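Letters A, B, ... are given to chains in the order of the sequence lines, protein chains preceding strands, and every chain is numbered from 1. Basis for what follows: all heavy atoms, side chains included, without hydrogens, waters or symmetry-related copies. Note that this is a predicted model, so its numbers are computed, not measured.
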Protein chains: 2
Amino acid sequence: MSTIYDVARLAGVSPKTVSRVLNADGPVGEKTREAVEKAMRELGYVRSNAARMMRAQKSGIIGLITGAISTRNQPSTQQGLPDLFIVQGIQRALETSGMTVMIADTTGRKERVPHLVDTFLSHRVEGLIYVAEYHQEVNLPALPDDTPLVLANCFDSRGTPAVLPDDRRLQADLVRRLIAAGHRRIAFLSLRPDMPAGRLRPLGYRDALAAAELEFDPALLAHVDFDQPEIGPELLWDTIDRMLRLDVPPTVLCCGNDQMAMMVYGILRSMGRKVPDEVGVAGFDNYRAIAETLYPPLTTVDLPYNALGARAGERLLQLISGEGRNGSGPVLVAGPVHWRGSVNELRPENVVTLRNLREEKE
Amino acid sequence: MSTIYDVARLAGVSPKTVSRVLNADGPVGEKTREAVEKAMRELGYVRSNAARMMRAQKSGIIGLITGAISTRNQPSTQQGLPDLFIVQGIQRALETSGMTVMIADTTGRKERVPHLVDTFLSHRVEGLIYVAEYHQEVNLPALPDDTPLVLANCFDSRGTPAVLPDDRRLQADLVRRLIAAGHRRIAFLSLRPDMPAGRLRPLGYRDALAAAELEFDPALLAHVDFDQPEIGPELLWDTIDRMLRLDVPPTVLCCGNDQMAMMVYGILRSMGRKVPDEVGVAGFDNYRAIAETLYPPLTTVDLPYNALGARAGERLLQLISGEGRNGSGPVLVAGPVHWRGSVNELRPENVVTLRNLREEKE
DNA sequence: GCCATGCATGACACCGATGTCATGACACCG
DNA sequence: CGGTGTCATGACATCGGTGTCATGCATGGC
């Protein structure tokens, strides 16, 4: 591959002049510039980043560590593709910054992370973003102080800058919307409580109930480990069966995520229950491949992973440019409710009936 | 960030000796080695790749161009995640080679490819892989001769080394298996014929019919543009409706891919037809998030994108090491049939009945 | 006509690692 | 005891750009 010296020789100028043409810094005569450009074209010259960054002490590279690419073949993917969307958002935020985004994949093995970090440091990345596949706490190896790090979809105990989904608020927004549609008995099939999403979303659910002055009924809240290999579907079936047999059964099933909702569709169908006329279903994530393909399309709340990634990218750029070192706590990201056909807007008379039922029982 | 000189000064040796410790090449005294290692640890030294590769004229980087990450938010993603799996396979094949894989995403804009190629060349990648999201013909800008290129899931007219799915054989394998299960009337809802998959798979379908000496019935083959925005589902409905009304209707619907199969499940349900007892459904891709989650689980054929990627990675390593310059045509990749609950094994009496029906008509 | 000014260009050092060659200290052999 | 080989180490040049400073030439004001 040709160098700046080759170009200089061919154009009959000094290497420095070629450099000036490349970077448009110093003044260059018209004829000289043309000669240089012609020589570059003839040689198919491409500048060496290595040499350049050695002098400049700037790599223009941002490192991205993720399992987005490798973790997809696991037996049953309970998540959507959040990390992928996050990566996408990060790219969008960074593509105008002139930085090159280098993506390293953990190949599904977390223990490779330190190695990947080292590889990135050896490339003298100007910043690092770590993307987790679901909202969780992580513990990365310490970085040298001069390389900024942003955590996306995860957080640590050291207060590293983080961007997180606002699970509590998102769930509250969705439930609030269900209430506005006339629903009063809203079941919530939550995720495992050992993950932040499984803790925060029930809080949001209760926030919304409280705001509407609806009493919280423990019988309508369950944590279901629905993606357990064998028994998951059964657990889900039993839970739903139990809830639908209540004296005042729920009119909507709020699911922990869209994947669970998809499974719930199948179970309800097997039970002979019609969606949405006999019971509504709502999801969480707005994982469009599911939400828009299911019939009827799924009402869900948009956890905008894209935006989350973009925010992480922006945060990192800030840190690199020296702004916003004041670690002002995690950035929380929320998104809109998508109202689709899987939940009925209850007509007033229905609402009244339900209310009566409830009042009769009391 | 500290340099080899800092380490040398702290350890009281020359930079060259530090280099020797780093690369374990020349002989180094025991005490010296320890002193150097201690110094490196104290400074948190990480070698600069830029400087290293300037001398070595080897970057150890392989460039990967793909839309795998960015193209996921399109309104309705008709494909599975093939490109993602391919990328994954490539990474697996390359991770033991000591190469660093740099992934650049097109952000959904093909016209950015030349720019990405340039960025990679400026990093002096030792090889490039271009990954397409579905089997197709592409036309990349020409590369300098000394940088090898491999096309994954696509091909061009210049005979660039390529790795492709063996659509024809895969479809034939699946249909052969259906025939072995006793099915004689097999419908094929193919993809649009303007894509290679839509042309090659019907050939495989007919190969299998011919091998079993079954007559090809044009009424059982349709190209359905099922993911068209509005009318897609209707087209699919009409096609299925027409086929099921035939005098001798099909006992299985072979779908162009798993996504289409998912839609077909919904349509059959709406028609009041039970899967698999009234009609079987088969997919293509083994997109597990769908195939394993649907109820009943989907019989499909595994287009092993992972392996496809791995083959592409291996091919590139060969080219880099100078082997196999003999462009021996594209590498074709196939995979196994996954037999799940969506297709019945017809019992002999059924087979007989069907055969009678057919013979009666003749 | 002289000097200040600005423009176009080049010489040279430097970034950090490593290949080449040289050097000094020993050990071993005849 | 001198010559030769091995080991441990260092001096120096080099990779390909770019920052710094210097130089040569034309222009213009006084």
Participant: Taking it one step at a time, do A:I320 and A:R315 satisfy side-chain contact (heavy atoms from CB on, under 4.5 Å)?
Facilitator: CA-CA 9 Å; A:I320 290 172; A:R315 188 93 178 79; over 6 Å; no
Participant: Taking only the side-chain heavy atoms of A:T32 (C-beta and beyond), determine which of C:dT9, C:dG16, D:dT9 contains the nearest atom.
Facilitator: C:dT9
Participant: Is the distance from OP1 or OP2 of C:dC14 to the nearest side-chain N or O of A:Q57 less than 4.0 Å?
Facilitator: no
Participant: From the options C:dA17, D:dG10, C:dC7, select the nucleotide whose nearest atom is closest to the side chain of B:V13.
Facilitator: D:dG10
Participant: Whole angstrom is fine here: how far is it from CG in B:D25 over to C1' in C:dT20?
Facilitator: 12 Å
Participant: Quick one: on DNA chain C, does A:Y5 or A:R33 contact a more 5' nucleotide (nearest heavy atom)?
Facilitator: A:R33
Participant: Atom CZ of B:R9 and atom P of D:dG10: how far apart are they, to the nearest Å?
Facilitator: 14 Å
Participant: Please give, in whole Å, the distance from D:dC12 P to B:R55 CZ?
Facilitator: 16 Å
Participant: From CE of B:M53 over to C1' of D:dC15, roughly how many Å is that when rounded to an integer?
Facilitator: 11 Å
Participant: Checking contacts here: which listed nucleotide (D:dG16, C:dA17, C:dC7) is nearest the side-chain heavy atoms of A:P27?
Facilitator: C:dC7
Participant: From CG of A:L43 over to P of D:dG16, roughly how many Å is that when rounded to an integer?
Facilitator: 13 Å
Participant: Is there a donor-acceptor pair closer than 3.5 Å between any side-chain N or O of B:E126 and the backbone N or O of B:G60?
Facilitator: yes
Participant: Please confirm whether the shortest side-chain N or O distance from B:R124 to OP1 or OP2 of D:dG17 is below 4.0 Å.
Facilitator: yes
Participant: Starting at CD of A:E133, measure out to CG of A:N153 and round the result to the nearest 0.5 Å.
Facilitator: 8.5 Å
Participant: C:dG10 phosphate, OP1 or OP2: any side-chain N/O from A:T17 under 4.0 angstrom?
Facilitator: yes
Participant: Take the protein atom CG of B:L22 and the nucleotide atom P of C:dG16, then report the distance between them rounded to whole Å.
Facilitator: 14 Å
Participant: Check whether any side-chain nitrogen or oxygen of B:S48 sits under 4.0 Å from OP1 or OP2 of C:dA17, and answer yes or no.
Facilitator: no
Participant: Give the nucleotide from the list C:dT18, D:dG17, D:dG19 with an atom nearest to the side chain of A:K16.
Facilitator: D:dG19
Participant: Write down the distance between NZ (A:K31) and C1' (C:dA8), rounded to a whole number of angstrom.
Facilitator: 11 Å
Participant: Looking at C:dC28, which nucleotide sits across from it as a Watson-Crick or G-U wobble partner, both distances under 3.5 angstrom, or is there none?
Facilitator: D:dG3
Participant: Between the base of C:dG10 and the side chain of A:R20, is there any donor-acceptor pair under 3.5 Å?
Facilitator: yes
Participant: Would you kindly give the NZ-to-C1' distance between A:K58 and C:dG16, to the nearest whole Å?
Facilitator: 19 Å
Participant: Where the side chain of A:I4 is concerned, which of D:dG16, C:dT9, C:dT18 is the nearest nucleotide?
Facilitator: D:dG16
Participant: For DNA chain D, whose closest nucleotide is more 5', that of A:A50 or that of B:G12?
Facilitator: B:G12
Participant: Kindly indicate, with the supporting measurements, whether the criterion salt bridge (charged side-chain N to carboxylate O under 4.0 Å, His left out) is fulfilled by B:E95 and A:R109.
Facilitator: CA-CA 12 Å; B:E95 75 180 324; A:R109 279 171 285 153; 3.1 Å; yes
Participant: Give a yes or no on whether B:R311 atom CZ has more than 12 heavy-atom contacts from other residues, nucleotides or ligands under 6.0 Å away.
Facilitator: no
Participant: Would you mind checking if A:K38 and A:E34 are paired as a salt bridge, meaning a charged N to carboxylate O distance below 4.0 Å?
Facilitator: no
